[in-house]
Amino acid sequence: MSTTVVNAETETKTWDGGNQPLQASYGKMMMWFFIVSDALTFSGFLAAYGFSRFKFIDAWPIADEVFTHFPFLHGVDAPMYYVAFMTFVLIMSSVTMVLAVDAGHHLNKSKVTIYMFLTILGGLIFVGSQAWEWNTFIKGDYGAVQTKGGNILQFVDTDGHRVALKDFVTSDDHAARAQHEDKNGLWFVSEGTLPTYSVDEVLHGLEAHENILVRTQTLTENGEKTVLSRAESLEQIKNNGKLVVEGANLHVNEYGSPLFADFFFFITGFHGFHVFSGVVINIIIFFNVILGTYERRGSYEMVEKVGLYWHFVDLVWVFVFTFFYLV
Amino acid sequence: MAHEHKLEIFRGLLKFKSNTQKIWGVLIFLTIVTVIEVVLGIIKPESLMVKVLGMKALNWIFIILTIVKAYYITWDFMHMRDETKGLRRMVVWTGIFLILYLIFILLQEGGYVFRVYDEGYIKRDF
């Protein structure tokens, strides 16, 4: 009897809490498991992007031609530089975060405060950059024509440089249809902004400019977009042109397949939301640090836990960067 | 609890004196990798356009470099290097197994749908 009691007592010591078989506290371990599940969510999105891309592997937009802008440099072709900058900002804020964690281990309150502040700053710069990136993407710059089959036709000059619709199409004011508004039409029907030009106007513009050709989405052997001959170009616009597209939204996308825009909005949006919530959590922890909550507690483990989350956000961005902008 | 960090990276090739120093070292390494990626992405050297195992060599390089970056972020910034083997395996292998499985299935299926379009069962070019 007494032996069983002794056994039961040692059992109790193992199972009544406080035991850490993985040498990690409950909170930290659960943060790791949350990260695993969140990583699976993100890889679900990225794999779905891969699915759609493989489905249209011969006509997918080329990222270098889509993301070519840099703030304050108008008309300069700068593919990827801005995303590279964003990546660097996020990695940098990851570094300040890990420095804050390290300062926390040494119970150095002032250093933790400074590094947490820098981390929040980096996060805000990143979210702001992403907003700018979305804005340029939504506005678009060249415009295109969508066909009946949903394919995108873009315009190039004989040297292969992209040509914007406004450079060769003139709008005929008399032909333009007024935008439907629910206040003077059917109140339960709404309509988005109408395109600046109609397909007919684009066709006239194309007929008037001998040097402009149509470029389809189909990729050639060398991984470039196919440019049609002059006759084929006119033929395509005349027979198949259905809608003028400027910029991108969830329905249409002047850069190519609408799926590209959908995934861009969804994946970078979901990631941006993670960065945003990370910034909010960091701010809460930042104030706790200032108020001395963790100093009184004698442990800065909370900083370590949000640090894990913050690094995870950086980790995801590394993959988004590769699969959206590089590959 | 003592906060001991393993201060070696590259399998002991590089050993840092303090954790802070290691963080800066890893930052430099990650920056170099990112710069290589961006430079390759802008130049796109012709020699790397050959197909290796069904994908361009350049894309393989990008993916491998990404995994290298992910490794150092997880191991040194998230301190996975200092966790126990048990926790490390639970987190890493679960993720890797499920993600590889998912990628295989979806890409296989995407390729199949492409062939259906490509061989003209469904017309898409109009």
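Lettering follows sequence order; numbering is per chain, from 1. FYI, side chains are in, hydrogens and waters are out, and symmetry mates aren't considered; it's all heavy atoms of this structure.
- Residue B:Leu107 touches chain A through both its backbone and its side chain, counting heavy-atom pairs closer than 4.5 Å.
- Of the two parts of A:Tyr81, only the side chain, counted from C-beta on, holds a non-hydrogen atom closer than 4.5 Å to a non-hydrogen atom of chain B.
- A side-chain contact (heavy atoms from CB on, under 4.5 Å) with A:Lys109 is found for exactly one of A:Val112, A:Leu107, A:Thr113, namely A:Thr113.
- Neither the backbone nor the side chain of B:Trp60 comes within contact range of chain A, judged by heavy atoms closer than 4.5 Å.
- Contacts between A:Ser43 and chain B at a heavy-atom distance below 4.5 Å involve backbone atoms as well as side-chain atoms.
- Aromatic ring pairs are classed by plane angle as parallel below 30°, tilted from 30° to 60° and perpendicular above 60°; the pair A:Trp60 and A:Tyr49 is perpendicular.
- With a 4.5 angstrom heavy-atom cutoff, A:Val36 touches chain B only via side-chain atoms.
- The ring of B:Phe114 has its center no closer than 6.0 angstrom to the ring center of A:Phe54.
- Contacts between B:Thr66 and chain A at a heavy-atom distance below 4.5 Å involve backbone atoms as well as side-chain atoms.
- Considering only heavy-atom pairs separated by less than 4.5 Å from chain B, the leading option among A:Val318, A:Leu315, A:Leu326 is A:Leu326.
- Contacts of B:Glu83 with chain A are made by side-chain atoms alone, with heavy-atom separations under 4.5 Å and no backbone atom involved.
- For chain B, no part of A:Asn239 is nearby; none of its heavy atoms comes within less than 4.5 Å.
- Heavy atoms only, all atoms of each residue included: A:Ser129 and A:Met86 are closest at CB-CG, 3.4 Å.
- One distance of note links OH of A:Tyr300 with CG of A:Asp102; it measures 13.0 Å at 0.5 Å rounding.
- Ring geometry for A:Phe67 against A:Phe260 counts as tilted: the plane angle lies between 30° and 60°, on a 0 to 90° scale.
- A ring pair (Phe, Tyr, Trp, His ring centres under 6.0 Å) with A:Trp317 holds for exactly one of A:Phe88, A:Phe126, A:Phe312; it is A:Phe126.
- Only the side chain of A:Ile35 comes within contact range of chain B, with at least one heavy atom under 4.5 Å from a heavy atom of that chain.
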